[in-house]
Amino acid sequence: MEILSTFLGGLGLFFIGIKFIGGHLKSLSGRRFRRFVAASTHRPLSAAAVGVMAGGLTQSSNAVTFIAISLVTAGLTSLGQVAPLVAWSNVGTAGLVLLAAVDLRLVVYFLLGVVGIAFYFDVEQSPRWRHVAGALLGLGLLFLGLQLIKLAGAPLSELEWMRALVAFAAASDLLGLGLGLLIGVALQSSSTLAVIAVTLTDSGLLSLEQTVVLLLGGGLGSGVAVALMAVNLGGTARQLALFQVVVKGIGTILLLLLFWAERYADLPLLLHPLSGIIGDSAMQVALIFLVVQLAGAALVMPLQRPLLGVFAKLAPPAPEESLSRPRYLYEQALEDAATALDLAEREERQLLARL
């Protein structure tokens with residue numbers, strides 16, 4: 001009972017940490033951040049670089065997708081310009097997975113100590129540092145939870161019922177993929193599942209092959225979650241969501257085919273080359289997750305224009321979408337207050353005329 005309680009406690013701290021990080025970092029991505037993102041989309045390389053950074057900061061490619069949708073809707077950028085941003089944001093989410101594969105116990109304890117002192121002296125009450133302190137607290141809780149999961153994982157793997165459960169899940173790749181898909185849909189995040197999978201592999205609870213199958217199933221589940229989200233969207237928003245589905249799906253399917261070719265045709269295409277470079281199974285899983293994200297972005301970007309053309313036919317922009325865009329307002333006008341006021345007045349007149 002103590003082992004299971006430790007495992008569940010670690011899992012709870014992990015999810016609390018994820019929520020803290022996501023919530024506070026999203027609050028930090030305010031107006032200045034959006035202006036910076038909009039400015040970066042004028043060149044594909046800078047858009048891709050900022051996409052990686054935004055994915056790492058928000059730890060959610062879906063959140064980056066919604067930021068991109070808001071930028072396009074506001075007329076600050078175009079659909080084609082934000083596509084690299086959305087595609088490469090998936091790569092940024094691999095940062096946390098790579099950190100989870102490293103032993104950070106001393107760093108975590110030090111981080112929690114510093115954040116605890118900051119909270120004692122009410123640093124989190126400051127508008128300037130509130131979200132930074134909250135995000136760091138979330139990071140500390142997340143990795144503390146992972147340490148508890150690792151601590152309980154080894155003795156948990158010795159229990160007879162756990163061995164039977166793992167053996168049942170390993171009996172079929174389709175079963176492992178299905179389980180990963182369901183978890184990916186429920187969590188709406190393949191990176192969250194990947195962090196947990198890395199920890200379970202490091203503790204010996206899952207084998208490397210079992211973890212890879214679960215991880216790839218989670219990638220498919222994350223794509224399904226975005227597809228379900230796209231059902232309630234329309235126009236440009238649905239086009240970007242469908243583009244994200246393709247990015248997530250194509251990388252996962254490619255790695256799944258490589259995994260099966262290695263497993264059933266004895267072709268050294270995935271795990272064998274990695275094991276020759278890195279012996280740590282947890283780091284191998286983290287690198288596989290990174291390769292999935294890189295493959296999806298790299299393969300889809302050359303097909304960006306035809307894909308967006310197909311999605312434009314599947315989800316054409318509604319008339320309300322173009323009418324809702326400001327005609328006279330733009331960010332640069334804020335540098336001159338008098339001009340900004342004049343433009344705002346013209347925008348109001350246009351709106352009143354329509355009403």
Query raised in the report: Are Val224 and Leu214 linked, directly or through other ILVMFWY residues, by side chains that come within less than 4.5 angstrom of each other?
Result: no
Query raised in the report: So, for Pro273 and Pro268, which heavy atoms are closest and what is the spacing to 0.1 Å?
Result: CG-O, 3.6 Å
Report task. Can you sort out the partners of Leu13 under side-chain contact (heavy atoms from CB on, under 4.5 Å), two or more places apart, ordered by chain and number? Result -> Leu141, Leu144, Leu148
Query - CG on Leu242 to CG on Leu314, rounded to 0.5 Å - result: 7.0 Å
Query - Separation between CG of Leu112 and CG of Leu137, rounded to the nearest 0.5 Å - result: 7.0 Å
Query - Verdict with reasoning, Arg263 to Val213, per side-chain contact (heavy atoms from CB on, under 4.5 Å) - result: CA-CA 11 Å; Arg263 190 168 189 176; Val213 172; 4.1 Å; yes
**Report entry** Common cluster, Leu174/Leu181, ILVMFWY with side-chain heavy-atom separation under 4.5 Å
**Finding:** no
**Report entry** Exercise: identify the closest heavy-atom pair between Ala101 and Val198
**Finding:** CA-CG1, 3.7 Å
Requested in this report: Could you note down all residue pairs passing side chain to side chain donor-acceptor pair (under 3.5 Å) where residues 277-291 supplies at least one of them, sequence neighbours left out?
Outcome: none
Requested in this report: Could you state whether Leu228 and Val86 fall into the same hydrophobic cluster, counting links through intermediate Ile, Leu, Val, Met, Phe, Trp or Tyr residues with side-chain heavy atoms under 4.5 angstrom apart?
Outcome: no
Requested in this report: Check side-chain contact (heavy atoms from CB on, under 4.5 Å) between Leu96 and all other residues, then give those that pass, not counting sequence neighbours.
Outcome: Ile18, Gln59, Leu139, Leu142, Phe143, Val195
Could you list the donor-acceptor pairs under 3.5 angstrom formed by side chains in residues 243-262, with sequence neighbours left out?
{"unit_1": "Gln244", "atom_1": "OE1", "unit_2": "Asn90", "atom_2": "ND2", "d": "2.8"}
{"unit_1": "Gln244", "atom_1": "NE2", "unit_2": "Thr65", "atom_2": "OG1", "d": "3.2"}
{"unit_1": "Lys248", "atom_1": "NZ", "unit_2": "Ser61", "atom_2": "OG", "d": "3.1"}
{"unit_1": "Lys248", "atom_1": "NZ", "unit_2": "Asn90", "atom_2": "OD1", "d": "3.3"}
{"unit_1": "Lys248", "atom_1": "NZ", "unit_2": "Ser222", "atom_2": "OG", "d": "3.0"}
{"unit_1": "Thr252", "atom_1": "OG1", "unit_2": "Lys248", "atom_2": "O", "d": "2.8"}
{"unit_1": "Trp260", "atom_1": "NE1", "unit_2": "Asp173", "atom_2": "OD2", "d": "3.0"}
{"unit_1": "Glu262", "atom_1": "OE1", "unit_2": "Leu271", "atom_2": "N", "d": "2.9"}
{"unit_1": "Glu262", "atom_1": "OE2", "unit_2": "Leu269", "atom_2": "N", "d": "3.3"}
{"unit_1": "Glu262", "atom_1": "OE2", "unit_2": "Leu270", "atom_2": "N", "d": "3.1"}
{"unit_1": "Glu262", "atom_1": "OE2", "unit_2": "Leu271", "atom_2": "N", "d": "3.1"}
{"unit_1": "Glu262", "atom_1": "OE2", "unit_2": "His272", "atom_2": "N", "d": "2.9"}

Query - Closest contact, heavy atoms only, Ala87 versus Ala297 - result: O-CB, 3.8 Å
Query raised in the report: Is the shortest heavy-atom distance from the side chain of Phe289 to the side chain of Leu98 under 4.5 Å?
Result: no
Query raised in the report: Can Tyr109 be reached from Val114 by stepping across I, L, V, M, F, W or Y side chains whose heavy atoms are under 4.5 Å apart?
Result: no
**Report entry** Contacts of Ile117 that satisfy side-chain contact (heavy atoms from CB on, under 4.5 Å) - sequence neighbours left out
**Finding:** Phe121
**Report entry** Straight-line distance of Leu220 CG to Leu215 CG, nearest 0.5 Å
**Finding:** 10.0 Å
Query raised in the report: Rounded to the nearest 0.5 Å, how far apart are CG of Leu216 and OG1 of Thr211?
Result: 10.5 Å
Query - Common cluster, Leu193/Val185, ILVMFWY with side-chain heavy-atom separation under 4.5 Å - result: no
Requested in this report: Nearest 0.5 Å please: distance from the CD atom of Glu209 over to the OG1 atom of Thr201.
Outcome: 10.0 Å
Query raised in the report: So which heavy atom on Val226 is nearest to which on Ala241, and how close?
Result: CG1-O, 3.4 Å
Query raised in the report: Rest of the hydrophobic cluster containing Leu182 (Ile/Leu/Val/Met/Phe/Trp/Tyr, side-chain heavy atoms under 4.5 Å)?
Result: none
Report summary line: By side-chain contact (heavy atoms from CB on, under 4.5 Å), Leu294 pairs with (sequence neighbours left out) Trp88, Val91, Leu290
Report summary line: Heavy-atom closest pair (Met301 atom, Pro84 atom, distance to 0.1 Å) is CE-CG, 3.6 Å
Query raised in the report: Listed by chain and number, what are the side-chain hydrogen bond (donor to acceptor under 3.5 Å, both in side chains) partners of Ser191, not counting sequence neighbours?
Result: Ser189
Query raised in the report: Going by heavy atoms in the side chains, are Thr93 and Val97 under 4.5 Å from each other?
Result: no
Query raised in the report: Just how far is it from atom NZ of Lys313 to atom CD of Gln239, taken to the nearest 0.5 Å?
Result: 12.0 Å
Query raised in the report: CG of Leu45: more than 12 outside heavy atoms within 6.0 angstrom?
Result: no
